[in-house]
Amino acid sequence: MKKNLYLLLALLLFGLTATAQSRTITGTVTDAGAGNPLPGVSIIIKGTSKGISTDQHGKYSLAIPNDKATLVFRYIGYKTQELKAGKQDVLDVKLQLDTHTLHEVVVVEQSMSRAVAGKVAGVFSRRDAAQNITYGPAPIFDAAPMVHNTENYDFIKESSFLDAQKNPLSTFSIDVDNASYSNVRRFLNQGQRPPADAVRIEEMVNYFNYDYPQPTDDAPFSVTTELSACPWNKDNQLLHIGLQGKRVPTDKLPPSNLVFLIDVSGSMFSPDKLPLVKAGLKLLVEELRPQDKVSMVVYAGAAGLVLPSTSGKDKKKIIEALDQLEAGGSTAGGAGINLAYKVAEDNFMKGGNNRVILASDGDFNVGVSSDSELQRLIEKKRETGVFLTVLGFGTGNLKDSRMEQLANKGNGNYAYIDNIREAQKVFVNEFGGTLFTIAKDVKLQLEFNPAKVKAYRLIGYENRALANEEFNDDKKDAGDMGSGHTVTALYEIVPTGATSDTQAGTVDALKYQKTTLDPKAKSSDEMLTMKLRYKEPDGETSRLMTKTVNSQAIPTDQTSDNFRFSAAVAACGMLLRDSEHKGNASFPMVLDLAKNARGKDEEGYRIEFVNLVKSMGLVSDGR
């Protein structure tokens, strides 16, 4: 009896001691480079399945059993850290970027079957990144190739060099999309070379912000040009063109009428799709003001309204509606688009920002689902004054070509969200540029002076090329520019009289007319005249801007960080595409240019690019 009593007392004392040792530890997880809070970081107690995720401010609070507990911090693209709790009640953590780390492979349920969905962002099946909920680790498997990959990309016919005398005009629409870069990054982080047609060089270049001056007059953007030697072909020159959109302070931005259009079909089940959509949109909700309003439409086999127009001050109600979303069923994308635009029109704010935000993998398979039908639908809907933002998610079945075209036709922009940090970039760091248009249908037309330019080539923008006659046609749709956006374009130029081996395509001499050069062209210092057309966000008549660029190139060592870094990204894109125009470009050259042109890089995106090129072994194998 005494033995049992002593045993009972010992167990009681042990329990009291364990209870006394258990406590709650709190902290904030930030990016070691930029110092920004990291939302959605997975934190577990080592050796257990108990864990949480940081909220939208990078904060966490976790009950630990004792001082010996070790906390494991995991976040996609960053080095995993293990830290002992010790006796401290506050444990702040700075995570270091690590682009060597491959995405983990998880098993995902889809349509009642289990299939490998590929390497996805994170190793935890999260239900809510903004609340302290206990999560269990998802099963982890050996890396395996994606099965039944149906990702789709439009064919890109790379632009070639054109003879400046026979083709003096170059006309194109601006492009503020940056989906290609984050998608390419996803492939490289998985240890794969991206498909050539997934590499849209202009979107890679425009992923990054550049230090251009703010406009000083009534125009919504400033124009900057720079001319120097071409890094991958010293006999040629590189022309850098930069547009800087006017930054409008958040409190000065017009009110927003937003409709979240969310794909909740079965293909959105995996953690890098609907769970990431919900976590990303929660970041956007935190940025909303009381004057802003949000509605929510979802679609799977059919479309439905799950949240009527709600004030931005009622964040809890909006987040609760997001939390209730679950994936399942087929995908009636056309029905969802129709309903979303109807909701946007019913709550239209005159003089405000009226926008549908579509989040999907683009895999529509019910109702209006063909690319041509969807594009015609979007073209019709844009006449309502409602803009469109398209967000792509996931791997294996991403319909990139479809989503890019929908954004282009809908007076909008397209981004690919591969992790929570990218969602933070789109919805927090670039809030104004993503959602608020300051100029629409922005077009450029360059007239080259054949006395100074033998041939030229626009790098990228292949699917943004316009017929020369479309520059003056106000009915022709073109790209739109958001608050604070930068747009960069690069031309490789063969100067007249250069010894370059670069050749432009030739055509036979004309029989019925002759092309002659104006004598004034030879005496002029002008290399080209650049014209820009744009419309006010609610306007239908374009305005014209004109700027000349002289032929005096600056020495390479005097070029700006903007020039060198954009050249590095463009060269990287040409190497990934294995472009016939890559010249002497190499990954060591890309690294040298980029490392010495990081500039301010407050958000750490440029150093991420440098590390990405380093980490993929692209330098060592010379590909």
Is the closest side-chain heavy-atom distance between Val223 and Met545 below 4.5 Å? yes
Which residues pass the salt bridge (charged side-chain N to carboxylate O under 4.0 Å, His left out) test with Glu404, sequence neighbours left out? Arg200
Does the side chain of Lys273 reach to within under 4.5 Å of the side chain of Phe269, using non-hydrogen atoms? no
Should Asp538 and Lys440 be marked as a salt bridge (Lys or Arg N to Asp or Glu O under 4.0 Å) after you check the CA-CA gap, both sets of side-chain angles, and the distance that decides it? CA-CA 9 Å; Asp538 56 355; Lys440 69 178 183 180; over 6 Å; no
Using a cut-off of 6.0 Å, state whether more than 12 heavy atoms not belonging to Glu326 lie near its atom CD. no
Between Phe565 and Phe609, is the gap from one ring center to the other below 6.0 Å? yes
If you define the side chain from C-beta out and look only at heavy atoms, does anything of Val176 sit under 4.5 Å from Val442? no
Taking atom types as modelled, is there a side-chain donor on Asn189 or Arg186 under 3.5 Å from an acceptor on the other? no
Centroid-to-centroid, Tyr181 to Phe208, below 6.0 Å? yes
Between Asp418 and Arg185, is there a side-chain N and carboxylate O pair less than 4.0 Å apart? yes
Aromatic centroids of Tyr534 and Phe221 separated by under 6.0 Å: yes
Heavy-atom donor-acceptor pair, Asp441 side chain to Asp474 backbone, under 3.5 Å: no
Could you tell me if the side chain of Val306 sits less than 4.5 Å from the side chain of Val297, heavy atoms only? no
So among Thr150, Asn152, Asp361, which one has a side chain to side chain donor-acceptor pair (under 3.5 Å) with Asn397? Asp361
Kindly indicate whether the side chain of Asn408, heavy atoms from C-beta on, has any atom under 4.5 Å from the side chain of Ile378. no
Residues which pass ring pair (Phe, Tyr, Trp, His ring centres under 6.0 Å) with Tyr461, listed by chain and number, not counting sequence neighbours: Phe172
Applying the salt bridge (charged side-chain N to carboxylate O under 4.0 Å, His left out) criterion to Glu470, which one of Arg464, Lys476, Lys443 satisfies it? Lys476
Does the side chain of Asn411 reach to within under 4.5 Å of the side chain of Asp477, using non-hydrogen atoms? yes
Flag yes if more than 12 heavy atoms outside Lys381 fall under 6.0 Å of its NZ atom; otherwise flag no. yes
